[in-house]
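Structure first, commentary second.
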Amino acid sequence: MQQNYSPKDIEAAVQQQWEAAQTFRAADTSDKPKYYCLSMFPYPSGKLHMGHVRNYTIGDVLSRYHHMKGYNVMQPMGWDAFGLPAENAAMANNVPPAAWTYSNIEYMKQQLKSLGLGVDWSREVTTCKPDYYRWEQWLFTKLFKKGVIYKKTATVNWDPVDNTVLANEQVIDGRGWRSGVQVEKREIPMYFFRITQYADELLQDLDGLSGWPEQVKTMQANWIGKSYGVRFAFPYELDGKQDKLWVYTTRADTIMGVTFVAVAAEHPLATHAAKTNPALAAFIEECKHGGVAEADIATMEKKGMPTDIMVTHPLTGEQVPVWVGNYVLMSYGEGAVMAVPAHDERDFGFAKKYCLPIKQSIAVKGQEFSDAAWQEWYGDKENGVCVNSGKYDGLNHAQAVDAIAADLNAKGLGEKKVQFRLRDWGISRQRYWGCPIPIIHCPSCGDVSVPDDQLPVKLPENVVPDGAGSPLAKMPEFYECTCPQCGGKARRETDTMDTFVESSWYYARYASPQCDTGMVDKVAAQKWLPVDQYIGGIEHAILHLLYARFFHKLMRDEGLVQGNEPFKNLLTQGMVVAPTFYRDLEGGKKLWINPADVDVEVDAKARPVGAKLKSDGLPVVIGGTEKMSKSKNNGVDPQAIIDEYGADTARLFMMFAAPPDQQLEWSDAGVEGSFRFLKRVWNFGAFIQQIKKANPQCDEDIQKAAGIYGKHIMGSPSHYPKVARREIHLILRQANYDLTKQQFNTVVSAAMKLLNTIGELPPHGKEHFEIILEGVSILLRLLSPITPHIAQTLWKELGYGDNILAASWPQVDESALEQDEIELVIQVNGKLRGSLRVAKDADKATIEQSALAHEAVQKHLNGAAAKKVVVVPGRLVNVVA
RNA sequence: GCCGGGAUGGCGGAAUUGGUAGACGCGCUGGACUCAAAAUCCAGUUUCUGAAAGGAAGUGGGGGUUCGAUUCCCCCUCCCGGCACCA
C-alpha cells in the first residue's frame, strides 16, 4: 500500500478490476430482488458538465448502496442523441450532425467511465440509431391507425427572412436569432398525440405515486388543469345567417355581469369583421407579430379592438359587443371568452383601459364594491353571492353555477363541461436531425402510414443543414416514393418528431436494448419495469415526465408493458450554480470571465470586497450566483477536477456540498476540503495497516506499532472505548436514517465524524484496536457508494475482503447505544438555563423535583413558585415561571 | 402573468419533523513543526455586551397559535425552476 493517497493510480486500477469482473452487468435471471436505477440520459453536447456529474453520482450512490443491500441492480446509460444543438454545430463547423454527435458520444463515454460509475454498458442505447428509432416509428404507425395520432394545424414561430420555423429558444425579444427580424405566428399542419384522451388518467394516477416529490405532482396536476365549468353560446345573426359564439367559463355564476366578449385574432368572427374594417385588419396583423411562447403572451400589454358585431346574452337577451383581444388564445378552449370586468382581474384592467362598462353581479357581505376595494374580493368564490342577477340573487357560487347551467341547457345554449388545460401534443418538427415521421402522402389515398416491412424510414446521416427549412424537403431521393396502398407516386413526410418522443420510452428499451423483434422484449420489460428510482433535473418536472408517463400508458395499451406508471420513485436534483464575474464593454455588453481566472479579495471578516483578473491584476465586477452556463462563462469543467483530484473527490464534493434536491454552489475550496478528507482516510488506513503488520493479537505489539508512528494520527486520548463505540453506532444510525431520506450530504458528515471519533481513540491495546477496526469497516462501507475507489482499495488492503460491494451493509448494534444515565435540558420559560443528569428510567415526578431544585431554575424563579412544569421524556424540562 | 420551490453565521449547509439553533465542512484568527514556505497537526470562531462568570438578541420582513416555533397559520419582499419547438 502506497504511503501517499494517489487517486490516479488507485482509480484506474479499481476501474480495471470492475471491468474485468463485469461487476455491473445486470443479470436478467437472478434470485435477488431487482433494483432498476435510472438517471436521465445525457444529450451528447460535447463534454460532460457538472449537472451530469451530479446526476450520475446520485444515481451511482443509490445503485451501489442497493447493490450492497443485496439487490440485483441495473444501472444503464445511453444518449438522447437527436436535437437542435447538433444542427447548430453542423452549421457552425460544416460537419454533419451525425458525425458531430457520434464523436461527442465517444468522448463523453470515456468521461463517464472515468467517474467510476457502475453502469452496465452492454445496455447502451443511442436514440439517433435506426435500431432504436425504428420502434418509435412502428408505434407511431400503430397509434396513427388507432386515431391516437391525428393531423391538425398549429401555430409556430415563423422567420420571414430565413423562411424557417423557429424554436422558442431561437426567438429573442420577438426576433429571429439569426435574421434579427421580427417573427410571425404562422399556422402549419402537424401531427398530434391525443394526450388529452389520457388527461384524467394522468391526473388520477398521480395519487398512486407515493415515491414522487409532492411539488412535482402538484405541478403536473396544475399543468393538466382539470376544471369544472360551463360551455355556452352567445347567439348572433351575421349576413342573415343564425350562428352561435361558444365560450367556456369556470365562473358561470358571474354570467349576469358580462359586458363584452373577447375573441382571438384568428377567430372566424374577427376575420369576418376585418373584411370591412381596415383598422381591425391592421390590428389583427399586429397580433401576428411576436412569438408563441405563453410567458411572452401572458406578460405582454393587453390590447384589443372592437368589431361591429354584437351577440345576444343567452340569459338576459341583451346585446353584447364582440372585441378582438391579443390575450385570447385560439388554441385554448373555444378561442373566445366572456368578459366580466367586475369579477375578473384581467377583464377589469381591459375594461378600464377601453372604458367598457363594469357590472357588479357578485357581492360579499359587509364589503363595498368599488374600484379601490375591487382587488380584495373581486373573484371571491367562497363568500360571494349573486346580486343584480334577477332570479339568481342570493345564490352562492355552486348554487348559481347549477341553476345557470340548467337554464342554459333548457335553452339548448350550453351545458356543464369538464375541461383540461392540457393540450394535445404536437410532435411535427420542420428539422433535419430527428426521427422521420413514417407517413406517406398519396394524392389519391391521403396520409398513409409506412408498412412494418418498410421500417425504419432511415434518416440520411451525411447532410449539413443550412438554416433555411428542412434539408429533407430538398432531397428528392428522400421524399420521392410510392404509395404503399395504391402503388402510385407519392411524397414522403419530411418533418421529424419532437425529440421528447425518444426520451419518452428509452427507460423501457433498456430492459432489452438489442431486441430486434419489437419495441421491447415483453419478458424482460416485465422483469425490470417499473424503474425503481429515477433521477434527473427539476427542470423536467412537467414536460418530460408527463410525456414519459403518457407513453407508458400508450405502450401498456399496446400490450407491451404492464403496470400504469413507469417511475416508482423520483428524485429531482437541483442545479449546479457558480459565481459570475464580468467587465462592462462598450455598447452595454458584458465580457463574462470564468471564476477560475479571478482572484476574490476579502476583508478581515472574510467578506468579499472585490475581485481581480489573475492575468492583468485589474478589477472585475462580481455578478450574481447563477446556473453554470456557457453564456455566463461560469462553468467549471469536471474533467479538470477529475484530473487534479480524482473522481472520488469530485463525487464526494458533489454529495457533500448540498442535499441532492437543492441547488449546489460550486466551491474550489470545498473541493480541496473533500480531497483533504480522503487524504486523512487514506493516511489513517496506512496507519492501521502498519499496526496490523505487527502482531494484532498482542497488546504490546499493537502499542509498539502505534509507537512507530510516533503518535496516533489525531486527537487526544479522551475517549473510553465504551463511549467511542456508542458514538460510532450513533453516527451509523444517523447515516442509515439519512440514506433512507436520500440526504447524502449528512451521510458524508457522518463519515467525517466517524473518522474524527475513531481517530481520537488511541490504539493502546487490543480492546481499543478492535473498536477502531470495527469503526474503519463501517467507515469504508459508508463511503463505498460515494467514493468507491478509495473504499474498495482500503477494504482490500486492510484485509476486510476482496470486494467491498459484496460486503453487507453495516447494521447498528443497539446494545452499544444503551446508557444508564441521560442528560436532560433545563429550560425556564422556554430558554435554556442548564442541564440535568438523571437515571434513564427516572419517573416524571423525580425529574420535576430535581429540575426545580436546580440552581439556575431557583435563580430565575427568584423565590416564586413555578406555574407549570413541562417534562418531555428523554429530552427536556421546561419550567414556566 | 400563471404554476412550483427557496431564504438559517463570513460561506455551503445541519437540526431524526413542535423540544439544547448553527452538527459536518470551508474560510478566517492564533499556536506547534520549519531557516522559511507549503503541507500537516492543535485551539478558537453567530452577533452585541462583559476582564470573566454571565446577560441580551438571533433562522428574509411583519403579525398570530403554543409552556416552547427554523419547523404550524396569515400577510409581504427578494431569488430560482417551468410555461408546451432548449434538452
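Below, chain A is the first sequence line, B the second, and so on; all start at residue 1. This structure is a prediction, so every number in the text was calculated from the model and none was measured.
Against the 90° criterion about 0, the sugar-base torsion of B/U17 places it in the syn range.
The residue among A/Val880 and A/Glu823 whose nearest nucleotide of RNA chain B lies closer to the 5′ end is A/Glu823. Positionally, the nearest nucleotide of RNA chain B for A/Thr299 lies more toward the 5' end than for the other of A/Thr299 and A/Phe500.
For A/Lys741, the NZ atom sits in a packed shell: over 12 heavy atoms of surrounding residues, nucleotides or ligands are nearer than 6.0 Å.
Within 4.0 Å (heavy atoms only), A/Val165 reaches at least one base atom of the nucleic acid. Within the 4.0 angstrom heavy-atom criterion, no nucleotide atom of any strand lies near A/Met655. Nucleic acid contact for A/Arg875: sugar-phosphate only, since backbone atoms but no base atoms lie under 4.0 Å from a heavy atom of the residue. Nucleic acid contact for A/Tyr43: sugar-phosphate only, since backbone atoms but no base atoms lie under 4.0 Å from a heavy atom of the residue. A/Thr740 comes within contact range of no nucleotide atom at all, as no heavy-atom separation falls under 4.0 Å. Within the 4.0 angstrom heavy-atom criterion, no nucleotide atom of any strand lies near A/Arg733. Within 4.0 Å (heavy atoms only), A/His540 reaches at least one base atom of the nucleic acid. The residue A/Gln215 sits close only to the backbone: its heavy atoms come under 4.0 Å of sugar-phosphate atoms, none of a base. Base engagement by A/Gln430 is indicated by at least one non-hydrogen atom pair under 4.0 Å involving a base atom. Nucleic acid contact for A/Val156: base, since at least one base atom lies under 4.0 Å from a heavy atom of the residue. Within the nucleic acid shown, A/Arg421 comes within 4.0 Å of at least one base atom, counting heavy atoms only. Base contact: A/Leu422 has a heavy atom under 4.0 Å from a base atom. Using a 4.0 Å heavy-atom criterion, one finds that A/Pro42 contacts no nucleic acid atom at all.
Looking at the side chain of A/Ala293, the nearest of the listed nucleotides B/A23, B/C85, B/A84 is B/A84.
Separation of the A/Phe350 and A/Tyr327 ring centroids falls under the 6.0 Å cut-off.
Within residues 46-53 of chain A, no residue places a heavy atom under 4.0 Å from RNA chain B. Taking every heavy atom of residues 666-674 of chain A and every atom of RNA chain B, pairs under 4.0 Å involve A/Ala669, A/Gly673, by number. A heavy atom closer than 4.0 Å to some atom of RNA chain B occurs in A/Asp80, A/Gly83, A/Leu84, these being the qualifying members of residues 77-84 of chain A.
Contact between A/Pro44 and A/Ile105 at its shortest, heavy atoms only, is CB-CG1, 3.7 Å. Taking each heavy atom of A/Gln3 and A/Ala686 in turn, the nearest pair found is NE2-CB, 4.0 Å.
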Output one line per pair: protein atom, nucleotide atom from nucleotides 62-65 of chain B, and distance, for all N/O pairs under 3.5 Å.
none

Scan nucleotides 71-80 of chain B against the protein and return all N/O pairs shorter than 3.5 Å with their distances rounded to 0.1 Å.
none

- [ ] List the steps, then state whether salt bridge (Lys or Arg N to Asp or Glu O under 4.0 Å) holds for A/Arg421 with A/Glu294.
- [x] CA-CA 13 Å; A/Arg421 204 188 78 96; A/Glu294 193 190 298; 3.8 Å; yes
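For B/C83, the OP1/OP2 oxygens have no side-chain nitrogen or oxygen of A/Asn168 closer than 4.0 Å. Within the structure, a side-chain polar atom (N or O) of A/Gln743 is placed less than 4.0 Å from OP1 or OP2 of B/A15.
Contact annotation: side chain of A/Asn878 to base of B/C67, donor-acceptor pair present below 3.5 Å.
Across the C1' atoms, B/G25 and B/U45 are found 14 Å apart, a figure rounded to whole Å.
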Task: Watson-Crick or G-U pairs under 3.5 Å in RNA chain B, rendered as dot-bracket with [ ] for crossing pairs and | for another strand - done: (((((((..(((......[....)))((((((.......))))))((((....))))..(((((..]....))))))))))))....
